[in-house]
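Only one structure is covered here, and it is reproduced in the block below.
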Amino acid sequence: MRVCVIGGGHNGLVAANVLAEAGVEVEVFEARNVPGGLADSREFKGVKVSRASYVLGLMPSSLVKKFGIPTIKQDPFQTLFVDGKVYPFWREPEKRRKELLTRGLELFPEFDRKLLEFKKMIDEEFTFLDSPPSMEDVKEEAKRRGVEEIMELSSGKFLERYLPKELHRAFIYPGMYDSPAYLVAYFYSPQWSVVPGGMGTIGKILAQRAQSLGAKLRLGNLVSRIEAEGGRIKWIESGRKKFQFDAVISATSPLVTWKLIGEAPKVQSMRPHWVKYNMVFREIPKLPEALKPFYASILDIEAGELLFHSASDDSLGE
Ligand SMILES: Cc1cc2nc3c(=O)[nH]c(=O)nc-3n(C[C@H](O)[C@H](O)[C@H](O)COP(=O)(O)OP(=O)(O)OC[C@H]3O[C@@H](n4cnc5c(N)ncnc54)[C@H](O)[C@@H]3O)c2cc1C
């Protein structure tokens, strides 16, 4: 069987690894000249900076282990600085809950337990399935585990139950308060870690591994069309050439996929409410004294997020 993966971001590359491992003949078509997609590093004067995605935490830990992705586990994994108060989020759950309780977040322990139980449910019951589960299946299992509110409420309403308003923005992007509360669980990850050399390290590792298993990586190959007939793939087009495969996996965005199959997008494209600037500092900017013990953490301050991991990363990542 011959399979084509469109898009050599980390999801396409994971697919290529899994398929090649199973003995499938696989080719990845990637438009850019480097693999990794948004898991990508750039170098400025010897300092490597993650171009887009910058911390690892949403990839299932089984895959992080399987692919041997190196991580720096900064502890606390994140520190919030809101209205002059410091809230450190330690990796160890009991330490984290105790500390935030003593800092006045009375309902944090329950909030934290519920989010982690929900994530455990997704890992144990709803990851790597042959077909997608129904919403009802997920709701039922969530109820069985006592976390059904995460399937029922909006992000804003769920956060209101447990945390003061000024902390909400640390758990969901402002502008997304009406989105379902399961997105709060999705973004909340005590696994957030920094990757030495920046996120591009992930792209490199996955690409090399897929190639060593026999997958073919076609960089600089933009796919312009997927042609199907009667529910079967006929060919894909790249650089005015047609290529035939038994199956095609599109690991590009749904919008791109719809365009490639020649249909109008079925969703409105989302306009992000935020901008990311990559900056390389000569020295650590002056921050409030109270934050000094937490410089190894991701610092979440009013102006955005700051990462200073070069201090602990000898590859000069981030
Ligand atoms: C600014 C920013 C910061 C983020 N920060 C984080 C973070 O810190 N941690 C985190 O976990 N997530 C973060 N995310 C989200 C994360 O980056 C994405 O969820 C993840 O990279 C998606 O991976 P992917 O492989 O699905 O897609 P992508 O990484 O987008 O890869 C898709 C690939 O497909 C290629 N492609 C597209 N169209 C075609 C075509 N027609 N033909 C051939 N190739 C094509 C693209 O060039 C690209 O390489 C961030 C996203 C952004 C934008």
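Everything quoted here is computed from the prediction, not taken from an experiment.
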Just wondering, do I298 and Q74 contact through their side chains at under 4.5 Å, heavy atoms?
-> yes
Could R51 and E43 be called an ion pair, given the rule that one side-chain N must be under 4.0 Å from one carboxylate O?
-> no
If you measure only the distance, is there a donor-acceptor pair under 3.5 Å linking the side chains of E99 and W90?
-> yes
Is there a side-chain contact between F158 and S154 (heavy atoms, below 4.5 Å)?
-> no
Is it true that a side-chain atom of S189 and a backbone atom of Q191 form a donor plus acceptor pair closer than 3.5 Å?
-> yes
Run the ring-centre check on F171 versus F111 and record whether the distance is less than 6.0 Å.
-> yes
H10 side chain to G37 backbone, donor-acceptor under 3.5 Å | no
Is there a side-chain contact between R225 and W235, using heavy atoms and a 4.5 Å cut-off?
-> yes
Is any side-chain N of the basic residue among K242 and E227 closer than 4.0 Å to the acidic one's carboxylate O?
-> no
Report yes if the side chains of L153 and E160 come closer than 4.5 Å at any heavy-atom pair, otherwise no.
-> no
Taken to the nearest 0.5 Å, the spacing of E166 CD from E302 CD works out to 10.0 Å
E305 versus Y54: any side-chain heavy-atom pair under 4.5 Å?
-> yes
With F294 via ring-ring contact (aromatic ring centres under 6.0 Å, His included) - residues at least two apart = none
Could you pull out the closest heavy-atom pair between L13 and G8, with the gap in Å?
-> CD1-O, 3.4 Å
Verify whether one side chain among S193 and T71 offers a donor that lies under 3.5 Å from an acceptor in the other.
-> no
So do the side chains of L80 and V86 get within less than 4.5 Å of each other, counting heavy atoms only?
-> no
Heavy-atom distance under 4.5 Å between the side chains of K234 and I226, does that happen here?
-> no
Charged N to carboxylate O under 4.0 angstrom, R2 versus E27?
-> yes
Chi angles and distances behind the ring pair (Phe, Tyr, Trp, His ring centres under 6.0 Å) call for F81, Y87 | CA-CA 6 Å; F81 185 62; Y87 301 94; 9.3 Å; no
Does a salt bridge link K114 with E148, judged by any charged N lying under 4.0 Å from a carboxylate O?
-> no
Distance-only criterion, 3.5 Å: show the donor-acceptor pairs between side-chain atoms of residues 175-184 and protein atoms not counting sequence neighbours.
from: S179; atom 1: OG; to: S155; atom 2: OG; distance (Å): 3.1
from: S179; atom 1: OG; to: M176; atom 2: O; distance (Å): 2.4

I6 vs I249 side-chain heavy atoms within contact, under 4.5 Å | no
Any chance you could measure L213, atom CG, to N17, atom CG, to the nearest 0.5 Å?
-> 6.0 Å
D300/R169 ion pair, N-O < 4.0 Å = yes
Electrostatic pair R144:E140 at N-O distance under 4.0 angstrom = no
With sequence neighbours left out, write down each residue that passes side-chain contact (heavy atoms from CB on, under 4.5 Å) with E92, or none if nothing qualifies.
-> E94, K95
